[in-house]
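Notes to accompany the following structure.
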Amino acid sequence: MISGLTGLGVVLLHRNTQPELLRDVLAYLVRLTEPITADGEQLPGWWSGDGPFGCVSSEWPGGHATLGIAPRHHWPARTAGRRGITAPRHTKTISCLLDWLDNWRVGTGRSAWWTGMISRAEHHTNATRASGPQRPSWCYGTPGLARA
């Protein structure tokens, strides 16, 4: 959340000087969460058709989605909403993102964990192939969720 559109949203939020521009940023972030359709299948708006390293990969046919920073780029929207700065479908979008992340949680309580990313096949079957949490990372999986 340090660069790009989300970074701009964070700066605008903290400066609190241009609420209309911040609303425009929020509205665009909301649009980025709208479902997309690829090969007849509905996918989250943050789905990437590439593999995790930014190129088509036979290990990731159909692309991937992260349970890292990508869906959480919308956290500034949550903070802005608490300050009364919102965009159309703002609350619905945040609920959608939280539901999606909850759907991919494995385990409960102190034993809960999230994989870092899911494949198209995992999305289709609604089950992760990961057998446990991945290595600690600031932006993916359980540590990334905790950081956000």
Side-chain angles (χ1 to χ4, degrees), residues 1-15 18-107 112-130 133-148:
M1 294 195 260
I2 57 176
S3 65
L5 193 58
T6 301
L8 174 62
V10 170
V11 168
L12 292 170
L13 181 62
H14 287 290
R15 287 196 178 162
Q18 298 182 349
E20 287 307 313
L21 183 55
L22 178 54
R23 279 187 185 88
D24 290 344
V25 169
L26 295 174
Y28 190 77
L29 288 172
V30 165
R31 284 197 317 266
L32 288 176
T33 66
E34 292 175 0
I36 60 171
T37 301
D39 304 322
E41 183 177 6
Q42 192 172 37
L43 301 165
W46 54 91
W47 192 267
S48 172
D50 293 336
F53 303 105
C55 58
V56 175
S57 167
S58 61
E59 294 178 31
W60 294 87
H64 77 291
T66 70
L67 282 90
I69 291 297
R72 292 189 315 268
H73 279 180
H74 300 279
W75 290 121
R78 191 170 184 194
T79 304
R82 289 183 188 145
R83 295 184 186 176
I85 302 169
T86 62
R89 299 185 321 276
H90 187 121
T91 303
K92 182 179 178 187
T93 297
I94 291 170
S95 293
C96 172
L97 291 165
L98 292 173
D99 289 347
W100 193 79
L101 292 169
D102 281 345
N103 180 64
W104 288 100
R105 180 185 64 236
V106 178
W113 60 274
W114 288 260
T115 187
M117 56 195 75
I118 61 166
S119 68
R120 184 81 169 265
E122 289 170 308
H123 181 268
H124 184 72
T125 62
N126 200 35
T128 181
R129 63 184 169 198
Q134 67 181 59
R135 66 176 172 74
S137 171
W138 72 272
C139 60
Y140 292 108
T142 306
L145 283 166
R147 179 174 168 75

To the nearest 0.5 Å, tell me how far [X] [atom1] sits from [Y] [atom2].
| X | Y | atom1 | atom2 | answer |
| --- | --- | --- | --- | --- |
| Arg15 | Leu22 | CZ | CG | 12.5 Å |
| Leu8 | Leu21 | CG | CG | 6.0 Å |
| Ile118 | His124 | CD1 | NE2 | 12.5 Å |
| Asn103 | Leu98 | CG | CG | 12.5 Å |

Testing the basics here: between [X] and [Y], what is the closest heavy-atom pair and its distance to 0.1 Å?
| X | Y | answer |
| --- | --- | --- |
| Val25 | Gly9 | CG1-CA, 4.0 Å |
| Pro19 | Ile85 | O-CG2, 4.1 Å |
| Trp100 | Pro44 | NE1-CG, 3.8 Å |
| Thr115 | Ala130 | OG1-CB, 3.7 Å |
| Arg105 | Ala112 | CD-CB, 3.7 Å |

Under the salt bridge (charged side-chain N to carboxylate O under 4.0 Å, His left out) test, residues paired with [X] that sit two or more places apart:
| X | value |
| --- | --- |
| Glu59 | none |
| Arg31 | none |
| Arg120 | Asp39, Glu41 |
| Asp99 | none |

Counterpart residues, side chain to side chain donor-acceptor pair (under 3.5 Å), relative to Ser119 (two or more places apart):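 In terms of side chain to side chain donor-acceptor pair (under 3.5 Å), with neighbours along the sequence ignored, Ser119 is linked to Glu122.
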Any residue meeting ring pair (Phe, Tyr, Trp, His ring centres under 6.0 Å) with Trp47, in chain and number order, not counting sequence neighbours: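 Listed in chain order: His123.
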Any Val106 side-chain heavy atom under 4.5 Å of Trp104 side chain: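 When only atoms from C-beta onward are counted, Trp104 and Val106 do not touch, as no gap falls below 4.5 Å.
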Residue pair Trp46 / Thr33, side-chain heavy-atom distance below 4.5 Å: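 Counting from C-beta outward, Trp46 and Thr33 do come under 4.5 Å.
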His64 side chain vs Asp50 backbone, donor-acceptor pair below 3.5 Å: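 Yes; at least one donor-acceptor contact below 3.5 Å.
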Main-chain N/O of Leu101 paired to Trp114 side chain as donor or acceptor, under 3.5 Å: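 Side chain of Trp114 to backbone of Leu101, a donor-acceptor pair under 3.5 Å: yes, one is there.
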Enclosure of Arg129 CZ (heavy-atom neighbours >12, cutoff 6.0 Å):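 Yes, enclosed.
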Residue from His90, Arg83, Arg89 passing side chain to side chain contact (heavy atoms under 4.5 Å, CB included) with Thr86: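 Single side chain to side chain contact (heavy atoms under 4.5 Å, CB included) partner of Thr86 among His90, Arg83, Arg89: His90.
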